[in-house]
2 protein chains.
Amino acid sequence: MKKLYEFLEERGISPTIQRLKILKYIEENLKHPTVDMIYQEISKEIPTLSKTTIYNTMNLFVEKGIVSELCVGEGEVRYEINLAPHAHFRCTECGNIFDVELDLKIFKIKKVDGNQIMHTSVYFTGKCSECLKKKGMINE
Amino acid sequence: MKKLYEFLEERGISPTIQRLKILKYIEENLKHPTVDMIYQEISKEIPTLSKTTIYNTMNLFVEKGIVSELCVGEGEVRYEINLAPHAHFRCTECGNIFDVELDLKIFKIKKVDGNQIMHTSVYFTGKCSECLKKKGMINE
DNA sequence: TTTCATATTTGAACCCTTTACAAATTAATT
DNA sequence: AATTAATTTGTAAAGGGTTCAAATATGAAA
């Protein structure tokens with residue numbers, strides 16, 4: 001926890017309890033949580049927690065480059081700790097989202113048609129191996 | 001218009017005025033419109049038009065494979081006529097969305113980590129050439 | 001044509017995610 | 001201790017999208 005405290009301070013962010021718990025959560029939980037998932041979990045420890053705080057904090061973390069937003073074709077935004085660029089796979093059956101560690105040259109493209117690329121997003125949708133297995137047993 | 005009529009009939013879709021106008025619009029308008037953009041335009045011709053009809057129709061067209069949904073990291077869904085897979089570039093300054101016709105091998109991947117890929121999405125965000133030009137004149 | 005059944009459209013209510021904002025709380029400064 | 005600034009909270013509200021029942025249009029059968 002001390003480490004997280006320093007981590008925030010180094011980036012000019014006052015390390016409040018809320019921010020520390022949120023940071024801890026997204027660091028440990030690599031399941032690309034939504035605001036609601038974060039809220040459900042942390043409000044167990046901080047019962048007075050407000051969802052607005054999560055929104056504020058996530059926006060702050062994004063600005064500071066600590067986390068990145070994830071859009072995989074659902075209605076809501078997901079978050080993950082900022083790591084090396086990678087792709088994602090969303091299963092349309094179970095909703096799970098997996099990291100895809102392909103070494104894609106596409107992440108190295110910095111300019112296209114004269115447009116300057118700041119961020120590149122790659123995601124797949126389909127059926128994950130688990131759901132394929134289950135489906136195969138039940139009805140195919 | 002006769003062509004569009006037949007186009008829908010061939011796919012088992014009753015060609016109502018609403019559907020014809022919507023299809024015509026997304027066929028002619030390649031700017032990846034949102035539901036609201038479609039609504040604003042077509043309600044000029046059909047004043048009684050309901051937004052629900054647009055939602056219904058777009059979902060129907062997606063099911064039938066006529067159009068595809070587009071998610072480029074905003075809050076809302078965009079649509080485009082179904083063409084060969086391609087990437088998109090969204091300018092964070094002006095909001096414009098451009099097709100990117102790179103021949104990416106990524107669109108050919110059908111399986112990753114045992115997961116079966118049904119759809120692949122690739123989009124870039126950044127500043128488009130137009131906005132870079134303008135910015136350069138004004139403050140850089 | 002008239003009738004009946006079916007499909008489509010419409011509009012209002014509603015759900016959900018996200019933002020706005022002001023009051024309350026907490027932390028930092030003097 | 002007092003004042004100021006930063007953060008959190010909660011309510012309201014905005015915006016996209018869905019649900020659902022009533023109204024309308026369409027198509028088939030008589």
Side-chain angles (χ1 to χ4, degrees), chain A residues 4-5 8-9 11-25 32-64 66-79 90 92 95 97, chain B residues 4-5 8-9 11-25 32-64 66-79 90 92 95 97:
Chain A
L4 299 178
Y5 194 97
L8 289 180
E9 277 200 326
R11 284 158 183 78
I13 300 173
S14 318
T16 63
I17 316 239
Q18 289 84 350
R19 288 171 178 167
L20 282 168
K21 298 256 187 195
I22 294 171
L23 178 60
K24 184 159 178 279
Y25 180 78
H32 317 92
T34 64
V35 162
D36 193 62
M37 290 159 82
I38 302 171
Y39 175 74
Q40 294 304 333
E41 196 56 31
I42 300 186
S43 61
K44 289 178 190 166
E45 305 177 50
I46 309 177
T48 63
L49 183 69
S50 166
K51 245 184 201 179
T52 305
T53 298
I54 314 278
Y55 281 107
N56 289 342
T57 304
M58 298 321 291
N59 289 338
L60 178 66
F61 284 0
V62 168
E63 274 172 38
K64 298 289 185 175
I66 296 173
V67 304
S68 47
E69 289 186 359
L70 204 58
C71 155
V72 286
E74 308 157 301
E76 55 196 329
V77 175
R78 290 169 179 273
Y79 295 93
R90 174 169 62 88
T92 52
I97 293 163
Chain B
L4 299 179
Y5 194 98
L8 289 179
E9 278 201 324
R11 284 158 181 79
I13 299 173
S14 317
T16 64
I17 317 240
Q18 289 85 348
R19 289 170 177 169
L20 282 168
K21 298 256 186 193
I22 293 171
L23 178 60
K24 184 160 179 280
Y25 178 79
H32 318 92
T34 64
V35 161
D36 193 64
M37 289 160 82
I38 302 171
Y39 174 76
Q40 293 304 333
E41 195 58 30
I42 300 184
S43 62
K44 289 179 191 167
E45 304 175 52
I46 309 177
T48 64
L49 183 68
S50 165
K51 245 184 200 180
T52 305
T53 298
I54 315 275
Y55 282 108
N56 290 341
T57 304
M58 297 322 290
N59 289 338
L60 178 66
F61 284 1
V62 169
E63 274 172 39
K64 298 289 185 177
I66 296 173
V67 304
S68 47
E69 289 186 358
L70 205 56
C71 157
V72 284
E74 309 159 301
E76 55 197 331
V77 175
R78 291 170 178 272
Y79 294 94
R90 174 170 62 87
T92 53
I97 293 163

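Protein chains get the first letters and strands the later ones, always in sequence-line order, with residue 1 at the start of each.
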Heavy-atom pair of closest approach, residues A/Cys71 and B/Gly73: SG-N, 3.8 Å

Shortest non-hydrogen contact from B/Tyr25 toward B/Met37: OH-O, 4.0 Å

Gap separating the [atom1] atom of [X] from the [atom2] atom of [Y], nearest 0.5 angstrom:
X	Y	atom1	atom2	answer
A/Thr34	A/Met58	OG1	CE	10.0 Å
A/Ile42	A/Lys21	CD1	NZ	8.0 Å
A/Leu8	A/Phe61	CG	CZ	5.0 Å

Rounding to a whole Å, what distance do you find between [X]:[atom1] and [N]:[atom2]?
X	N	atom1	atom2	answer
B/Ile46	C/dG11	CD1	C1'	16 Å
A/Ile54	C/dA20	CD1	C1'	18 Å
A/Glu74	C/dT18	CD	P	10 Å
A/Gln40	C/dC16	CD	P	12 Å
B/Glu9	D/dT26	CD	C1'	13 Å
B/Ile22	C/dT9	CD1	C1'	11 Å
A/Gln18	D/dA6	CD	P	17 Å
A/Met58	D/dT8	CE	C1'	16 Å

Residues, nucleotides or ligands: over 12 heavy atoms within 6.0 Å of A/Ile17 CD1: no

Under 4.0 Å protein heavy-atom contact, by nucleotide of nucleotides 10-24 of chain D - B base, S sugar-phosphate only: BB----SBBBB----

Given DNA chain C, 5'-ward residue of the pair B/Ser14 and A/Thr16, judged by closest heavy atom: B/Ser14

